[in-house]
**Student:** 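First the structure, which I've put down as structure tokens, then a few questions once you've had a look.
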Amino acid sequence: MAGNLNNESQTNKPIDFSDPEILEMMYNDNPPDPNYKPLDIIEVRGGGHVVNIKPYQILSTAEERVINEKLVKKVKVGFVFKYSTRKSDIYWWCVDNCDEVIRQIANTVNSNVSIKRLTETINSLINKYSIVMEVSVVDYVKQNFPHLLEEIERDPFKWILDHMKGVEGYEKLKIAGFLAILSTRLLRVNGIYRLHLMVVGNPRAGKSTALWSVASLLKYTDILVSVDDVTPNILVYNSEVDNYDGKVLFIEQIDGKQLNQLLELMTKDGICKTTTVKVRRKDGTEGYKTETYCKPGQPVVITTSVLDNMDIVKLQRNYRFFMVYGRSVKDTREDRIEAIGTKYDRLVIKANGGDKFTAELGVTREEWLAFLAYLFTRPTYAVVGDLIQKFKELIYPLGDLDEDAVNVATEWLRILVVLVAIARGKTKADEDDLNFVLKYFKYDIIFNGLGFSEREYVILKTLFENGGMMSYDIYKKTGIRDGVVSKLLMYLKQLSYVKYTESERGSLYIWNVTDAGTQVIGFISELQYKDQVNEEFQKLISGEDAEKVKTWTNEEMLKVPNSENLVKMNTGSHEPKNNLNQNAHIECEQNGTPDR
């Protein structure tokens, strides 16, 4: 008699595990397939009965995972059970999950060998034999392909952009996702010590693909936490997680309900679930008591959102999410068609047409392990004290718009600079790290400090440039969906940056920028002006006569085409903030925008 529950087809001709003769051969160390490696027989006794168990490692099922920073090769474990009666031998077969077979055996032996003992034995054998290799990822990489680790360490950001092709034009998103993953390494401190990242934007814009191209490097590790839904039950009772520190929770298209569930996990040392359970008292009566179950630690949360509601924005202002607008720098129709149309081609070419691992993750197995070795060897801190004066130059003027924005923006600037420094293997951040952050995230830091993302600023600026508009008109100008525009306008109204009047039909709103909104636009315009002038000046002094250019007088500089702005900046005669704010106010009045 034989049970056939988890048949394994490991050869061209499937093994018939329902055949007692085959199971007898396997029990006697004679498997029909060399991929089945026999192990020592175990006896389980009870009530004068004996059940013999013959374990097998199924080598063809081997898969690699990284667990606790170790490269672990695991295989499935199969079992031949044998129970002998006076008349015959009875065999069963199962792989990994043997619950049904164990129940059949217990019935056959009249429970003299208990289900509990058999189950404990099987679980023990699986734990013992499922792992066929276990080695430190860092040691393995340094011994086998150290040059790949050195390549990443030389320029980690270039490596990420070169290898994570996914969707073209999303360099900032890929770098942001990379920095969020790095924040799993940071020591716990007061304030922000995790970069929780939310990318907002229109659906099907490629933002999830861009983020996943980086997060997929954590696939097949215990770092990446995959959940179907975000509820306290799932987060607390997740059997794959003992502690959320060092983990990344990747959630695509988060909604308001899920966000509320994540709040505790993102702000405290873990998450708890309180439940009421039935208990039996000492006197034999039944009653109820409250029990609390907790799972410690704080993961990094990476997510996307089509529509950020009020709750999301409030979390952002309280240092919960760093929000980035998911808009590709290659965003013409031609660019989008080319990027989407050739996405599969790029992966197949990189995978040489046959490497499923490379096709799925975008890197080879060796590159994947090298990246993890790089991640595991990052410093856990970096100090930024020498950069405080530079911090003040950027953040201090922000207080003129919103005093609270100073605290928020400083926190985000600090964490981003720290992460760039540890990405480069440093424990002391320098000006190069700061400049890298400002190159990619300068305006996102300002926007997040003010309580919104670049997407809201696009709406605000469009409204300012075009005067009174309805939400549909803004959609046509910006491409941001009409329904999303309406909700974001209501939020900007709460911040006092816009206001509306009812149209003649009464059911539609005509939106205008307020004085406060005009000041925000003036502030950003000043920063953009300075950046433009600085860029022009850097181009000017980066040529062969760079040292000579630095000594030029204003008259000599004016001989260079389009150099008037450089002279203004050099003489200090330009006062961009006051002029731009004044001009913005005049233009606002000309467009019919009322004061706040």
Side-chain angles (χ1 to χ4, degrees), residues 1-68 70-135 220 222 237 239-240 242:
M1 175 181 175
N4 177 16
L5 278 125
N6 293 311
N7 293 4
E8 292 292 327
S9 299
Q10 305 301 337
T11 63
N12 291 332
K13 184 179 179 180
I15 302 174
D16 184 4
F17 290 104
S18 65
D19 187 342
E21 292 183 2
I22 289 179
L23 294 181
E24 183 178 5
M25 290 171 55
M26 295 183 68
Y27 184 81
N28 293 308
D29 289 344
N30 187 21
D33 186 332
N35 282 310
Y36 287 72
K37 179 183 177 181
L39 304 165
D40 294 335
I41 293 174
I42 305 295
E43 289 186 350
V44 182
R45 297 177 175 271
H49 295 261
V50 179
V51 176
N52 294 300
I53 305 175
K54 178 72 174 180
Y56 270 86
Q57 290 176 326
I58 308 173
L59 303 181
S60 60
T61 64
E63 64 175 25
E64 290 182 324
R65 286 182 59 83
V66 171
I67 302 173
N68 294 326
K70 293 181 179 180
L71 176 61
V72 177
K73 183 177 286 187
K74 301 184 71 175
V75 297
K76 291 185 177 181
V77 182
F79 303 93
V80 178
F81 294 84
K82 177 184 176 183
Y83 175 68
S84 298
T85 67
R86 293 178 180 178
K87 294 182 179 181
S88 64
D89 295 329
I90 306 173
Y91 295 95
W92 295 265
W93 168 260
C94 67
V95 178
D96 282 353
N97 184 357
C98 296
D99 293 346
E100 181 58 31
V101 166
I102 288 173
R103 280 192 289 269
Q104 292 179 19
I105 295 171
N107 289 334
T108 302
V109 300
N110 296 319
S111 297
N112 284 288
V113 180
S114 70
I115 290 177
K116 180 180 178 181
R117 287 195 60 192
L118 288 170
T119 301
E120 289 175 348
T121 302
I122 293 301
N123 290 338
S124 175
L125 292 172
I126 290 174
N127 290 334
K128 181 178 181 180
Y129 293 125
S130 63
I131 297 177
V132 295
M133 183 186 77
E134 188 174 26
V135 62
Y220 307 119
D222 61 347
Y237 299 121
S239 60
E240 297 181 358
D242 295 324

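Everything numeric here is computed off the predicted structure, so don't read it as measured data.
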**Student:** Are Phe79 and Val101 close enough that some pair of their side-chain heavy atoms sits under 4.5 Å apart?
**Tutor:**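 Not touching, per the 4.5 Å side-chain cut-off.
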
**Student:** Is it the case that the side chain of Ser60 and the backbone of Asn35 share a donor-acceptor pair, with hydrogens and angles ignored and the cut-off at 3.5 Å?
**Tutor:**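 No; zero donor-acceptor contacts below 3.5 Å.
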
**Student:** Supply the atom-to-atom distance Glu21 CD to Tyr91 OH, rounded to the nearest 0.5 angstrom.
**Tutor:**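 It is 10.5 Å, given to the nearest 0.5 Å.
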
**Student:** Quick check against the 3.5 Å criterion: does Gln57 have a side-chain atom that pairs as donor or acceptor with the backbone of Tyr129?
**Tutor:**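 Checked: pair present.
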
**Student:** Supply the atom-to-atom distance Leu39 CG to Asp29 CG, rounded to the nearest 0.5 angstrom.
**Tutor:**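 It comes to 9.0 Å.
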
**Student:** Any salt bridge linking Arg117 with Glu120? Criterion: basic side-chain nitrogen under 4.0 Å from a carboxylate oxygen.
**Tutor:**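 Judged by the 4.0 Å cut-off on N to carboxylate O distance, Arg117 and Glu120 do not form a salt bridge.
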
**Student:** I'd like to know if Glu43 pairs up with Arg45 as an ion pair, taking the criterion as any Lys NZ or Arg NE/NH1/NH2 lying under 4.0 Å from an Asp or Glu carboxylate oxygen.
**Tutor:**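 A salt bridge is present here (some side-chain N lies under 4.0 Å from a carboxylate O).
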
**Student:** Would you say the side-chain atoms of Asp16 pair up with the backbone N or O of Ser18, donor to acceptor, closer than 3.5 Å?
**Tutor:**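 The answer is yes, because a donor-acceptor pair under 3.5 Å joins these two groups.
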
**Student:** I'd like to know if the side chain of Lys54 and the backbone of Phe81 have a donor-acceptor N/O pair within less than 3.5 Å.
**Tutor:**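 Answer holds: no.
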
**Student:** In Å and rounded to the nearest 0.5 Å, what is the CG to OH distance from Asn30 to Tyr36?
**Tutor:**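 So the gap between those two atoms works out to 14.5 Å.
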
**Student:** Whether the side chain of Tyr56 engages the backbone of Met26 through a donor-acceptor N/O pair (distance < 3.5 Å, no angle test) should be reported.
**Tutor:**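 Yes, the answer is positive, given that a donor and an acceptor are paired below the 3.5 Å cut-off.
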
**Student:** Applying the side chain to side chain contact (heavy atoms under 4.5 Å, CB included) criterion to Met133, which one of Val75, Val72, Leu71 satisfies it?
**Tutor:**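 Answer after filtering Val75, Val72, Leu71: Leu71.
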
**Student:** Verify side chain to side chain contact (heavy atoms under 4.5 Å, CB included) between Cys98 and Trp92, making sure each step is shown before the conclusion.
**Tutor:** CA-CA 10 Å; Cys98 296; Trp92 295 265; over 6 Å; no

**Student:** Under 6.0 Å from the CG atom of Asp40, do we count more than 12 heavy atoms belonging to anything else shown?
**Tutor:**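 For Asp40, atom CG is not crowded (no more than 12 foreign heavy atoms under 6.0 Å).
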
**Student:** Is there a side chain to side chain contact (heavy atoms under 4.5 Å, CB included) between His49 and Tyr83 once you walk through the steps?
**Tutor:** CA-CA 8 Å; His49 295 261; Tyr83 175 68; 2.6 Å; yes

**Student:** Do Glu240 and Asp222 pass the side chain to side chain contact (heavy atoms under 4.5 Å, CB included) test, and can you show the C-alpha distance, the side-chain angles, and the key distance before you say yes or no?
**Tutor:** CA-CA 8 Å; Glu240 297 181 358; Asp222 61 347; over 6 Å; no

**Student:** What's the spacing between Ile102 CD1 and Thr119 OG1 if we round to 0.5 Å?
**Tutor:**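 Between atom CD1 of Ile102 and atom OG1 of Thr119 there are 3.5 Å.
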
**Student:** Might you point out which heavy atoms bring Ile58 and Thr61 nearest each other, and give the distance in Å?
**Tutor:**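 Closest pair (atom of Ile58, atom of Thr61, distance): O-OG1, 2.6 Å.
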
**Student:** Roughly how far, to the nearest 0.5 Å, is the CD1 atom of Ile105 from the CG atom of Leu118?
**Tutor:**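 So the gap between those two atoms works out to 6.0 Å.
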
**Student:** Using modelled atom types and a 3.5 Å cut-off, is there a donor and acceptor pairing between side-chain atoms of Asn68 and backbone atoms of Lys70?
**Tutor:**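 No, the answer is negative, given that no donor and acceptor are paired below the 3.5 Å cut-off.
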
**Student:** Distance from Asp96 atom CG to Asn123 atom CG, nearest 0.5 Å?
**Tutor:**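 Nearest 0.5 Å value for the CG-CG distance: 10.0 Å.
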
**Student:** Can you check side chain to side chain contact (heavy atoms under 4.5 Å, CB included) on Lys82 and Leu23, steps first, answer last?
**Tutor:** CA-CA 9 Å; Lys82 177 184 176 183; Leu23 294 181; over 6 Å; no

